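Notes follow once the structure below has been shown.
Below, chain A is the first sequence line, B the second, and so on; all start at residue 1. Note that this is a predicted model, so its numbers are computed, not measured.
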Protein chains: 2
Amino acid sequence: MLTDEYRYKILKLVQSNPEISQRELAKELGVSLGKVNFCLNALIKVGLLKVTNFRNSKNKLAYMYLLTPVGIEEKAKITLRFLKNKMKEYEVLESEIRILSNEIATDSQSKLFRD
Amino acid sequence: MLTDEYRYKILKLVQSNPEISQRELAKELGVSLGKVNFCLNALIKVGLLKVTNFRNSKNKLAYMYLLTPVGIEEKAKITLRFLKNKMKEYEVLESEIRILSNEIATDSQSKLFRD
DNA sequence: GCTAGCTCGTTCATTAATTGAACACACTAA
DNA sequence: TTAGTGTGTTCAATTAATGAACGAGCTAGC
């Protein structure tokens, strides 16, 4: 599944290192090779990335993933959207933590009364 | 899959409303009936919950889920463990947000230079 | 040449997790 | 009796993710 999380993370990693391999991406992202392959091809399909074969310094055939102009534009939007989601999550967590802390405090208090 | 999240949430909901049905739990938790059934029975199997059939006010056969003494004890532990995880997530989020904000700031700056 | 070995991306059978329609049972009300 | 409602339970189907296996392209050593 291609979510904003992987859109963002893959575009970022590829941008900073276009010669990264799918296996390196998988390791970096902590997911399987199959998933990286799927997401990467999805990003290519929608035109955010393109892949080029080229000869590297050792004249070896190598792959290079490049952000398209649309990819660069979209990456900014995706990053912002991703950030907004994180901030929402952050607030949710904040209140969850408050509630949990309260529950724990209340429970240990009732334990004091019980004993 | 029975994770701390569902251990905590189910024990909490059941404790505050022992006559809750699996369908209500599913709705409340935002998961399927099948999953609630699975988790609930897992909690019963490990002895944190027990289920009783009884006649309710309308003399209708009804179900009641009750925390066992072990269940009450464990709920406290699970809640604490869950809280600790949330606090860790909170810190992770905090730094992720900082990083994302930076990236967005940097990107829009480079855009200014470009235009 | 030729072969062994390495690293690419790609494939796909398998596994894991979840879903929710369908079912059996118990009860109520008409 | 019968239709309707609300239980928990089941399980075939779906979805997502995994990673071993594969073919292609290249290098190094024989």
Side-chain angles (χ1 to χ4, degrees), chain A residues 1-11 13-68 71 82 85, chain B residues 1-11 13-68 71 82 85:
Chain A
M1 237 201 127
L2 179 56
T3 60
D4 267 356
E5 178 179 0
Y6 292 102
R7 285 190 193 93
Y8 161 71
K9 288 183 177 175
I10 290 177
L11 290 176
L13 285 168
V14 163
Q15 197 170 36
S16 72
N17 176 16
E19 296 185 40
I20 195 169
S21 73
Q22 295 188 6
R23 279 171 181 80
E24 283 174 310
L25 275 172
K27 200 173 201 176
E28 204 78 38
L29 300 177
V31 298
S32 70
L33 177 57
K35 179 165 179 173
V36 164
N37 183 265
F38 175 82
C39 291
L40 213 43
N41 284 316
L43 289 173
I44 291 169
K45 198 172 196 173
V46 296
L48 303 195
L49 278 185
K50 64 179 183 229
V51 59
T52 334
N53 291 23
F54 75 109
R55 304 280 159 172
N56 68 12
S57 54
K58 293 169 190 158
N59 198 35
K60 189 177 170 185
L61 190 65
Y63 290 81
M64 188 157 65
Y65 299 98
L66 291 174
L67 273 71
T68 63
F82 190 50
N85 264 321
Chain B
M1 236 200 125
L2 180 55
T3 59
D4 267 356
E5 178 179 359
Y6 291 103
R7 285 191 193 91
Y8 162 71
K9 288 183 176 174
I10 291 177
L11 290 177
L13 284 168
V14 163
Q15 195 170 37
S16 72
N17 176 16
E19 296 186 40
I20 195 168
S21 73
Q22 295 188 5
R23 280 171 181 78
E24 284 173 309
L25 275 172
K27 200 172 201 177
E28 203 78 39
L29 299 178
V31 297
S32 69
L33 177 58
K35 179 166 179 170
V36 164
N37 184 264
F38 174 83
C39 291
L40 213 44
N41 283 317
L43 288 173
I44 291 169
K45 198 172 196 174
V46 296
L48 302 195
L49 279 184
K50 66 180 182 228
V51 57
T52 335
N53 292 23
F54 74 109
R55 303 281 159 173
N56 67 13
S57 54
K58 293 167 189 158
N59 198 35
K60 189 177 170 184
L61 190 63
Y63 290 81
M64 188 158 66
Y65 299 99
L66 291 173
L67 274 70
T68 63
F82 190 51
N85 265 321

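A heavy-atom distance below 4.5 Å is found between the side chains of B:Val31 and B:Tyr6. Contact annotation: the side chain of A:Leu43 never approaches that of A:Lys45 to less than 4.5 Å [non-hydrogen atoms, C-beta and beyond].
The residue A:Val31 sits close only to the backbone: its heavy atoms come under 4.0 Å of sugar-phosphate atoms, none of a base.
Rounded to whole Å, atom P of C:dG9 lies 12 Å from atom CD1 of A:Ile10. When the C1' atom of D:dG6 is taken as reference, atom CD of B:Glu19 falls 13 Å away, rounded to whole Å. Rounded to a whole Å, the CG atom of B:Asn53 is 9 Å from the C1' atom of D:dT7. To the nearest angstrom, P of D:dG8 lies 6 Å from OH of B:Tyr63. Between the CG atom of B:Leu2 and the P atom of C:dA16 there is a distance of 17 Å, rounded to whole Å. The separation between A:Phe38 atom CZ and D:dT15 atom P is 12 Å, rounded to whole Å. Here C:dT18 presents its P atom at 14 Å from CE of A:Met1, a figure rounded to the nearest Å. Per the geometry, CG belonging to A:Leu25 stands 16 Å off P belonging to D:dG19, to the nearest Å.
Both A:Gly30 and B:Arg23 sit near DNA chain D, but only B:Arg23 has its closest nucleotide nearer the 5' end. Map B:Leu40 and A:Leu33 each onto its nearest nucleotide of DNA chain D; the residue landing nearer the 5' end is B:Leu40.
Note on B:Gln22: a side-chain N or O is less than 4.0 Å away from OP1 or OP2 of D:dT9. Between A:Asn37 and C:dG9 there is no side-chain N or O to OP1 or OP2 distance below 4.0 Å. Regarding contacts with the backbone of D:dG8, a side-chain N or O of B:Tyr65 is found under 4.0 angstrom from either OP1 or OP2. Of the side-chain N and O atoms in B:Lys35, none sit less than 4.0 angstrom from OP1 or OP2 of C:dT19.
Contact record, A:Val36 with A:Gln22: CG1-O, 3.7 Å, taken as the closest heavy-atom pair.
A donor-acceptor contact shorter than 3.5 Å is absent between the side chain of B:Asn17 and the backbone of B:Leu13. Put simply, the side chain of B:Arg7 gets close to the backbone of B:Leu2: a donor and an acceptor are under 3.5 Å apart.
With D:dG8, D:dG19, D:dT9 as the choices, the nucleotide that has an atom nearest any side-chain atom of B:Asn41 turns out to be D:dT9.
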